[in-house]
Amino acid sequence: MLLGGTELPVSSFSSRTPPLSELVAACSRIPIIVLSYGNAVLSAGELCRAASSDGRRIATVVEVPYQHLRSVASREKNNANREVIVVATKDVQSNR
């Protein structure tokens, strides 16, 4: 309720099974995409499969460990927390 008391629906991309194939398909005309996903819901491999589902080449994969406040998350959860960042590209013709 951040916007003047208006409650907005939760995005399907915030769920445990986000529609990443739908997102990647919507980006079909964009030559470079960056997907970033955290909370140990998806592995790096799962995010790479989603990013390359339309024939893109995975250029970079980075896993960044992070911790929540100790009062919010257990030690086990903090040890598992990773932000996975994937950069994927399509072959594009140069205009040079």
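Side-chain atoms are counted along with the backbone in the values below, which use heavy atoms only and exclude waters and symmetry mates.
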Asker: Measuring from atom OG of Ser28 to atom CZ of Arg56, what distance do you get when rounded to the nearest 0.5 angstrom?
Answerer: 7.5 Å
Asker: Report the residue from Val84, Val61, Leu23, Ile85 that forms a side chain to side chain contact (heavy atoms under 4.5 Å, CB included) with Leu35.
Answerer: Leu23
Asker: Without swapping roles, check the side chain of Arg29 against the backbone of Ala26 for a donor-acceptor pair under 3.5 Å.
Answerer: no
Asker: Indicate, with yes or no, if Val86 and Ile32 share a hydrophobic cluster defined by side-chain heavy-atom contacts under 4.5 Å among Ile, Leu, Val, Met, Phe, Trp and Tyr.
Answerer: no
Asker: So if you build clusters from Ile, Leu, Val, Met, Phe, Trp, Tyr with side-chain heavy-atom gaps below 4.5 Å, do Val62 and Ile33 land together?
Answerer: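 Different hydrophobic clusters.
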Asker: Same cluster for Tyr37 and Ile58 if Ile/Leu/Val/Met/Phe/Trp/Tyr side chains link at under 4.5 Å?
Answerer: yes
Asker: With rounding to the nearest 0.5 angstrom, report the OG to CZ distance, Ser43 to Arg49.
Answerer: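 Answer for the OG-CZ pair, Ser43 versus Arg49, is 5.5 Å.
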Asker: When you compare the side chain of Leu20 with that of Leu47, does any pair of heavy atoms fall below 4.5 Å?
Answerer: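 Sidechains of Leu20 and Leu47: in contact.
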Asker: Compare every heavy atom of Ile30 with every heavy atom of Lys90, then report the nearest pair and how far apart it is.
Answerer: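 Minimum heavy-atom separation between Lys90 and Ile30: CD-O, 4.5 Å.
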